[in-house]
Amino acid sequence: MAVEVRSGFEAILEQCSGLAEDVTYPSVKRWRDSHPGGHAVGHFQVYFPEELIHAAGMLPVTLMGAGSRLEAKQADSHIGSFICSICRTSLELGFSGRVGFLDAFYTTPICDVARNLAGIWGRNFKGMTAEILYLPQNANGKGAVTYLRDEYARVLAELKRISGRPIEEADLRRSIGVYNENRRLLRDLYRIKRETPWLLATTEAYVLAKAGTVMPREEHNEILRSALAEIPNRTGRRQDRVRVVFEGGFCEQPPLDMLQLIEEACYIVDDDLLLGMRWIDQDVPETGDALFALAESYIERSTYSPVQHDDRKPKEEMLLRRVEGSGAAAVILAAAKMCEPGLDEQVAYQKTLEAKQIPFLLLDFEEKMTAFERMRMEVETFVESILFD
Amino acid sequence: MIETKISLTPTPSAQPEPDLVGRGRRDGNRLFKEWYTELDAAAESGDPSAYVFVMGSTAEVLKAFDLNLVFPEINSLQMAVRKVSLDYLNKAEDYGYSTDVCGYVKADVGMHLDGRKHPNGRIPKPSIVVATNMCNTYVKWVEIWQRMYGCKVFVLDIPGQRGIGWSSEPGSEQFENDRRYVQSQLEELIEACVAVTGKPFKIERLQENLAHVNRMAADWSAVLKLNQNIPAPFNAMADGLAYMGVLSAYRATETGARYMAELRQEMEYKVQNGIGTITEERFRLHGVGPACYAYFRRFLELFQEWGAVYVNSEYLAYAGGGLDQGIQFNVERPLESLAEQLLVTGRRSMSNMFFSQDQLADAVRDWKSDGIVYHSVKSCRTVSTGMADSREYLTKTKDVPSLFVESDLVDPRLWSEAQFKNRIDAFFEALGARKAAALNPHELGGFAVSSRGPQQVAAKR
Ligand code: SF4
Ligand code: SF4
């Protein structure tokens, strides 16, 4: 039984926020109930070609931690002390049985903590495929796309084995079409947020998008279409607020309360939240070899992040483009605690923004944090310093 | 006394040189000094240099272009051993790096901010830097130099083991897919070296280098295996580190290959004459994770005081560039063979970090270790993330005794001797009792039988 799309923007928002933040995964359970013998495949952040899972008739589910909604009781004894929260709570989802509905778990080489997840998952959750999808880390190599195409074929073979059904080229094309539409709708959402942030807050866009990580994309497309149709009827009034870019949410997600407190002081007009859903920033070709098209798009039609080195996309320049493209006046430079790639990049961004005299505020966060008073003061002081400079 | 002997090569000379014992350490120190002297000279002359990492240095290719090799990990480690790492860490933190960033990276950044003045000499600027994906922090690290110097960055991607139980043997379709990718990158690396040095690529040079590594790897692998003997001829954490320094810095050279052959000679001599690394070997340990180099001497003493010897360490496998099980390059098809072996050895090194449990259990058995010491270091999430879990797995499935301690590689602020000592003392007391019980199983009823583990082989002595 598909999720029933409610009408009215507020109702859609409430529905999405319920689905996106619920660590009991009600939408996945519903899907499994209505698809006897169906399979669900989980993947960790940041990007995974969900089209492969979708084409196999399975449900892709993104595991991206559990914020403050789950305590890493069992996971803590299985993982080092100096590790980011998203990995702890993602593992806890496994240890607590909350994602026992999964038939496979994939992680990618975004960092070594993430690579280690495959080992921990495999040692503890027997009977479930636990693998690393080795996305290429030499994005500039001439062999990268062909290699990735073969790596996708490997994963596809495993998915075929799990699903017990053939996956035809036409299935892959259809899935690419569904995901292309999803990415187009998400681009629309971001365009609205950028052009008329008073009509759509980042926290709202965030929950609308995040709901897609736990439901079939066709249904998510429907939700997004309905929400987009409702936005012009909203009555938000333009305010004289500082426009900022939020950078640092590519993997561990900041708590919604944190985004909210930033939005109380300014407009977040662009960000790198839920980046995996938007990693590919153009349509994937729906003609030719489907796996090749996906592999090529990963490298050639994609954005940037601290976990991909690509000489053609120096990250500071990409950030400056994001700032310029969104007409932002300042940047919130966030980083998840204990996140090596995020913290390394934060320094590089900081130096560039300093050189360009673009105001920025450094914020370290954890998905599980619940006290925001200090942060609120920092944000308010920062915004005031820009307004009254 | 010695239960198991590893097969030995014929003794090179009937009369060993009088100073044979300890030669590896002495020569290692000398070579290490010479290497830093060369780097200092390169800093002066501006000769092209390559920054590389111990895991996947691609020395075979880079040395074919006469590039000086700088190992930033070794530089950072040396700062810690020389007790100056905190000064450099502070510099990097003042610059903006978080306390949660890898200390190796920060110590190095501090040194660059300080004009590349290292306690062992000046360090040349990078002309090209090569990072493998064997540690993801490598990739972040090279980006820092790219910003500082605008140097050429080359990321060599070696797809690793995909999951537990997954393997792909040379010749299989899967392996070939990955090999073609690695080989195409090597071709690009060669083009980059030509561009950076202005020198042509000579395949004979690469072939020579591969042949040096073949010899070096065979002897290194034999040296490691010689430590399966009781008593162990060297301490894998202390001596092993010194040997490994030469292994990295002199990889793909005649000097390096000769050094390793002589080291093997020394170890064989020690084994034949029952010379252990300490007078009375009471416990044999397998190390997982590096040592705390900021308090290296104390770190080692705390174990030695109990008569414990590190007979093996995972560190020697992955940080030794994957040469632990030997390499045999086919010099007739150099690039293909290099790509193939980078995959085989790179994978093994990465598996030692991400899927270590089975190799670890085998190593504990083969080196007759009484237990494993897991040293989790804050800096290195690559090796530390899965340690606790792998430990639990081995305790449950193989009943391997182990100790878990935490500190850091280079950050002295994270070292607490009292805590270390307490845990180490408690571990050895329990291990001693366990060994005693294994010798007198009746004292513990049926328990000793059910708890028979690899440690009992050693306990029979
Ligand atoms: S938050 Fe950072 S360290 Fe943690 S999994 Fe993500 S990229 Fe890796
Ligand atoms: S994370 Fe570990 S392996 Fe990587 S550079 Fe730091 S110490 Fe070395």
Side-chain angles (χ1 to χ4, degrees), chain A residues 77-84 87 109-124 129-134 136-144 146-148 150-151 153-154 306-307 309 311 314-316 335 337-341 343-348 350-351 362 364, chain B residues 95-98 100-102 105 131 133 135-137 139-144 146-147 153-157 159-166 173-174 177-178 180-185 187-188 350 353-357 376-390 392-393 406:
Chain A
S77 63
H78 290 266
I79 196 165
S81 310
F82 309 107
I83 307 299
C84 56
C87 280
I110 51 166
C111 68
D112 295 309
V113 179
R115 278 200 283 190
N116 264 295
L117 285 185
I120 302 178
W121 205 276
R123 282 191 290 269
N124 289 282
T129 296
E131 284 190 349
I132 302 175
L133 159 68
Y134 256 96
Q137 280 159 290
N138 180 354
N140 303 119
K142 62 176 186 266
T146 320
Y147 155 75
L148 183 56
D150 292 338
E151 177 66 353
R154 180 188 73 77
V307 290
H309 175 85
D311 277 334
K315 288 174 272 286
E316 308 90 302
K337 287 202 169 107
M338 306 288 175
C339 171
E340 179 82 42
L343 290 165
D344 286 331
E345 210 61 63
Q346 201 186 31
V347 181
Q350 175 188 346
K351 300 294 166 192
L362 295 176
D364 287 357
Chain B
Y95 185 75
Y97 284 93
S98 156
D100 297 334
V101 161
C102 167
V105 174
N133 61 323
C135 163
N136 275 290
T137 303
V139 183
K140 301 312 294 173
W141 200 344
V142 299
E143 288 177 343
I144 297 175
Q146 191 173 37
R147 291 177 184 117
V153 158
F154 195 93
V155 178
L156 178 66
D157 189 14
Q161 184 180 336
R162 310 306 205 267
I164 293 172
W166 181 94
E173 192 187 334
Q174 172 70 61
N177 289 345
D178 292 353
R180 274 193 299 275
Y181 175 43
V182 174
Q183 191 170 332
S184 73
Q185 294 177 77
E187 285 157 10
E188 288 163 338
M350 286 188 268
M353 299 183 284
F354 308 131
F355 307 103
S356 64
Q357 64 287 344
S376 166
V377 289
K378 177 176 180 185
S379 278
C380 188
R381 294 171 181 91
T382 314
V383 302
S384 304
T385 302
M387 253 184 210
D389 184 65
S390 157
E392 185 178 296
Y393 179 89
E406 278 183 317

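A note on names: the letters A, B, ... follow the listed sequences, proteins ahead of strands, and every chain is numbered from 1. Side chains included, hydrogens not; waters and symmetry mates left out as well; all remaining heavy atoms used. Keep in mind that this is a model prediction, so the values were computed, not measured.
Rounding to the nearest 0.5 Å places CD1 of B:Ile164 at 10.0 Å from CD1 of A:Ile120. Atoms CG and CG, from B:Asp100 and A:Asp364 in turn, are 7.5 Å apart once rounded to the nearest 0.5 Å. Interatomic distance, OG1 of B:Thr385 versus NE2 of A:His78, reported as 14.5 Å (0.5 Å rounding). Separating the OG atom in B:Ser376 from the CD1 atom in A:Ile79 is a distance of 10.5 Å, to the nearest 0.5 Å. Put simply, CH2 on B:Trp166 and OG1 on A:Thr129 are 14.0 Å apart, with the number rounded to the nearest 0.5 Å. For the atom pair B:Cys380 SG and A:Asp112 CG, the distance stands at 7.5 Å (nearest 0.5 Å).
Under a 4.0 Å N-O distance rule, the pair B:Glu392/A:Arg123 does not qualify as a salt bridge. In this structure, B:Lys140 does not pair ionically with A:Glu340, as no charged nitrogen and carboxylate oxygen lie closer than 4.0 Å.
For a residue to count as touching a neighbouring chain, one of its non-hydrogen atoms must lie under 4.5 Å from one of that chain's; by this rule B:Glu187 touches chain A with the side chain only. If you measure heavy-atom distances from A:Val347 to chain B, the contacts under 4.5 Å come from the side chain alone. Contacts of A:Glu151 with chain B are made by side-chain atoms alone, with heavy-atom separations under 4.5 Å and no backbone atom involved. If you measure heavy-atom distances from B:Tyr97 to chain A, the contacts under 4.5 Å come from both the backbone and the side chain. Only the backbone of A:Ala130 comes within less than 4.5 Å of a heavy atom of chain B; no side-chain atom from C-beta onward does. Looking at B:Gln183, neither its backbone nor its side chain comes within 4.5 Å of chain A, counting heavy atoms on both sides. Proximity to chain B (any heavy atom under 4.5 Å) is shown, for A:Pro306, by both the backbone and the side chain. Only the side chain of B:Met350 comes within less than 4.5 Å of a heavy atom of chain A; its backbone N, CA, C and O stay farther away. Heavy-atom distances place the side chain of B:Ser98, and not its backbone, under 4.5 Å from chain A. When heavy atoms are compared at a cutoff of 4.5 Å, A:Ala335 does not approach chain B at all. Looking at A:Asp344, both its backbone and its side chain come within 4.5 Å of chain B, counting heavy atoms on both sides. Heavy atoms closer than 4.5 Å to chain A are found nowhere in B:Trp141, neither backbone nor side chain.
Using a 4.5 Å cut-off on side-chain heavy atoms (C-beta onward), A:Tyr134 and B:Arg162 make contact. Contact annotation: the side chain of B:Tyr181 approaches that of A:Pro136 to within less than 4.5 Å [non-hydrogen atoms, C-beta and beyond]. Taking the side chain as every heavy atom from C-beta outward, A:Arg115 and B:Met353 never approach each other to under 4.5 Å. Side-chain contact between A:Asn138 and B:Phe154 is present, with heavy atoms from C-beta onward closer than 4.5 Å.
Of the residues considered (A:Ala139, A:Gly80, A:Pro314), A:Gly80 shows the highest number of contacts with chain B, using heavy-atom pairs under 4.5 Å. Note on A:Leu117, A:Leu362, A:Asp150: by heavy-atom pairs under 4.5 Å with chain B, the leading option is A:Asp150. When A:Gln350, A:Lys351, A:Lys315, A:Glu131 are compared by the number of non-hydrogen pairs under 4.5 Å with chain B, A:Lys351 comes out ahead. In terms of non-hydrogen atom pairs under 4.5 Å with chain A, the most contact-rich of B:Gly160, B:Ser384, B:Gly163 is B:Gly160. If you tally non-hydrogen atom pairs under 4.5 Å between each of A:Ala348, A:Ala118, A:Cys111, A:Cys87 and chain B, the highest count goes to A:Cys111. Here A:Ser81 is the residue among A:Ser81, A:Cys339, A:Gly122, A:Ala114 with the most heavy-atom pairs under 4.5 Å with chain B. Of the listed residues (B:Ser379, B:Ser356, B:Cys135, B:Ala131), the one with the most heavy-atom contacts under 4.5 Å to chain A is B:Cys135.
Closest heavy-atom contact between B:Asp157 and A:Gln137: OD2-N, 2.7 Å. The nearest pair of heavy atoms linking B:Ala388 to A:Ser77 is CB-O, 3.6 Å. Residues B:Val139 and A:His309 share a closest heavy-atom pair of CG1-CB, 3.6 Å. The two residues A:Phe82 and B:Arg381 have their closest heavy-atom pair at O-NE, 2.8 Å.
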